[in-house]
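Right, one structure below, let's go through it.
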Amino acid sequence: MSAARSKPAPIKAARIKHWLMKSEPDTFSIDDLQARGSEPWDGVRNYQARNFMRDGMRVGDGVFFYHSNCAEPGIVGLAEVASEAYPDPSQFDPKSDYFDPGASRVNPRWVLVDVAFVRKLKRTITLKELQALPSLAEMALVRKGNRLSVMPVTAAEWKTILDLE
DNA sequence: GCCAACGTTGGC
DNA sequence: GCCAACGTTGGC
């Protein structure tokens, strides 16, 4: 009986364990997150971003906290995913800016995760310097016109960026 | 299912 | 404040 030929191990893409989440500092800054310790990341109303939270994120994943729509856009701190995804309560609240009349408690449309403060960076790693790095050219963040507020970060990108600090 | 109109994001 | 890029909506 001939020995079964051993099959090559299937190439499995490593699960993304790092993310980048944008926030406008005028609305909710890294200092706000530090003061609160953790925060339900409500108000995401983009399907792709929702799917990253719902399907991709696991408790303990690393998060770059990014300040957008401000004088110096860039990564300002580290956070981590602190809960599994669960329905975003603001979608049910008619008084909320994030109210969605198409969502119901039986059929929620939007989810969130809790995000916990880890630490502030020693300095802001600016969008400008990230854009200048050839090794980050594939990152969604630096692609023209990107508007995703929640996006995956590869392990290599995570390390490259942290090494800039 | 197409696509124009519209609203939003976010860098500058 | 401007405006390019993008996602969503709705008429057809």
Side-chain angles (χ1 to χ4, degrees), chain A residues 16 18-36 38-57 61-81 85-154 156-158 160-165:
Chain A
I16 289 285
H18 301 98
W19 309 90
L20 181 145
M21 300 174 88
K22 296 178 180 174
S23 186
E24 301 192 12
D26 288 350
T27 305
F28 192 82
S29 72
I30 187 69
D31 291 325
D32 295 325
L33 184 64
Q34 180 169 28
R36 297 221 201 190
S38 91
E39 182 74 3
W41 204 263
D42 65 1
V44 171
R45 294 294 180 268
N46 170 282
Y47 288 104
Q48 212 180 340
R50 176 201 70 181
N51 294 348
F52 285 137
M53 291 197 291
R54 187 189 61 191
D55 307 328
M57 289 188 177
D61 284 0
V63 174
F64 283 139
F65 193 104
Y66 178 92
H67 279 174
S68 67
N69 207 5
C70 56
E72 193 179 48
I75 297 166
V76 294
L78 303 184
E80 67 178 28
V81 177
Y86 60 96
D88 178 345
S90 66
Q91 71 192 302
F92 309 126
D93 178 3
K95 293 191 292 294
S96 167
D97 287 345
Y98 302 128
F99 177 62
D100 183 347
S104 70
R105 290 184 187 273
V106 179
N107 267 314
R109 183 176 289 170
W110 306 108
V111 299
L112 54 71
V113 297
D114 293 340
V115 173
F117 178 81
V118 174
R119 68 175 175 89
K120 289 167 81 167
L121 296 188
K122 295 175 213 139
R123 66 182 189 87
T124 299
I125 298 173
T126 64
L127 175 63
K128 194 169 196 173
E129 60 188 300
L130 298 176
Q131 285 168 332
L133 281 186
S135 54
L136 297 180
E138 296 304 311
M139 244 192 125
L141 182 71
V142 304
R143 308 301 281 263
K144 188 170 69 167
N146 166 63
R147 290 165 42 188
L148 261 185
S149 63
V150 176
M151 69 183 74
V153 174
T154 68
E157 289 161 352
W158 181 267
T160 298
I161 292 170
L162 272 187
D163 286 347
L164 294 173
E165 186 184 9

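Proteins come first, then strands; the chains are lettered A, B, ... in the order of their sequence lines, and each starts at number 1. When reading the values below, keep in mind they use all heavy atoms of this one structure, side chains included, and skip hydrogens, waters and symmetry mates.
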Would you kindly give the [atom1]-to-[atom2] distance between [X] and [N], to the nearest whole Å?
X: A/Asn46; N: C/dT8; atom1: CG; atom2: P; value: 6 Å
X: A/Arg143; N: B/dG11; atom1: CZ; atom2: P; value: 16 Å
X: A/Arg45; N: B/dG7; atom1: CZ; atom2: P; value: 19 Å
X: A/Asp26; N: B/dT9; atom1: CG; atom2: P; value: 14 Å
X: A/Phe28; N: B/dG10; atom1: CZ; atom2: C1'; value: 19 Å
X: A/Gln48; N: B/dT8; atom1: CD; atom2: C1'; value: 16 Å
X: A/Lys144; N: B/dT9; atom1: NZ; atom2: C1'; value: 16 Å
X: A/Arg50; N: C/dG7; atom1: CZ; atom2: P; value: 15 Å

Applying side chain to side chain donor-acceptor pair (under 3.5 Å), which residue pairs with at least one partner in residues 131-145 of chain A are found, sequence neighbours left out?
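Residue pairs with at least one partner in residues 131-145 of chain A: A/Glu138-A/Arg143.
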
Side chain to side chain donor-acceptor pair (under 3.5 Å) contacts in which one or both residues fall within residues 108-118 of chain A, not counting sequence neighbours:
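Applying side chain to side chain donor-acceptor pair (under 3.5 Å) to every pair that reaches into residues 108-118 of chain A, excluding sequence neighbours, yields A/Tyr86-A/Asp114, A/Asp100-A/Arg109, A/Asp100-A/Trp110.
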
A/Tyr66: which residues meet the ring pair (Phe, Tyr, Trp, His ring centres under 6.0 Å) condition with it, sequence neighbours left out?
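For A/Tyr66, no residue satisfies ring pair (Phe, Tyr, Trp, His ring centres under 6.0 Å) once neighbours in sequence are set aside.
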
Strictly below 4.0 Å: does A/Lys22 bring a side-chain N or O up to OP1 or OP2 of B/dT9?
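Looking at the OP1 and OP2 atoms of B/dT9, neither is under 4.0 Å from any side-chain N or O of A/Lys22.
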
Looking at residues at least two apart in the chain, or sitting in another chain, which of them share a salt bridge (charged side-chain N to carboxylate O under 4.0 Å, His left out) with A/Lys128?
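So A/Lys128 forms no salt bridge (charged side-chain N to carboxylate O under 4.0 Å, His left out) with any residue.
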
Quick one: which residue pairs count as a salt bridge (charged side-chain N to carboxylate O under 4.0 Å, His left out) with a foot in residues 39-53 of chain A, not counting sequence neighbours?
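Only A/Arg36-A/Glu39, A/Arg45-A/Asp88 qualify under salt bridge (charged side-chain N to carboxylate O under 4.0 Å, His left out).
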
Among C/dT8, B/dG10, B/dG11, which nucleotide has an atom closest to any side-chain atom of A/Ser149?
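The answer is B/dG10, which lies nearest to the side chain.
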
Residue whose nearest DNA chain C nucleotide is more 5′ - A/Arg109 or A/Asn146:
A/Asn146

For A/Leu148, report the nucleic acid contact type (base, sugar-phosphate, nothing); a contact means any heavy atom under 4.0 Å.
sugar-phosphate

Using a 4.0 Å cut-off on heavy atoms, which residues in residues 63-70 of chain A reach DNA chain B? List them by number, or say none.
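When residues 63-70 of chain A is checked for heavy atoms under 4.0 Å from DNA chain B, the hits, listed by number, are A/Tyr66, A/Ser68, A/Asn69.
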
Check the orientation of A/Phe52 and A/Trp19. Use parallel for under 30°, tilted for 30 to 60°, and perpendicular for over 60°.
tilted

Indicate yes or no for a side-chain donor-acceptor contact from A/Ser23 to the backbone of A/Phe28 under 3.5 Å, with no hydrogens or angles considered.
yes

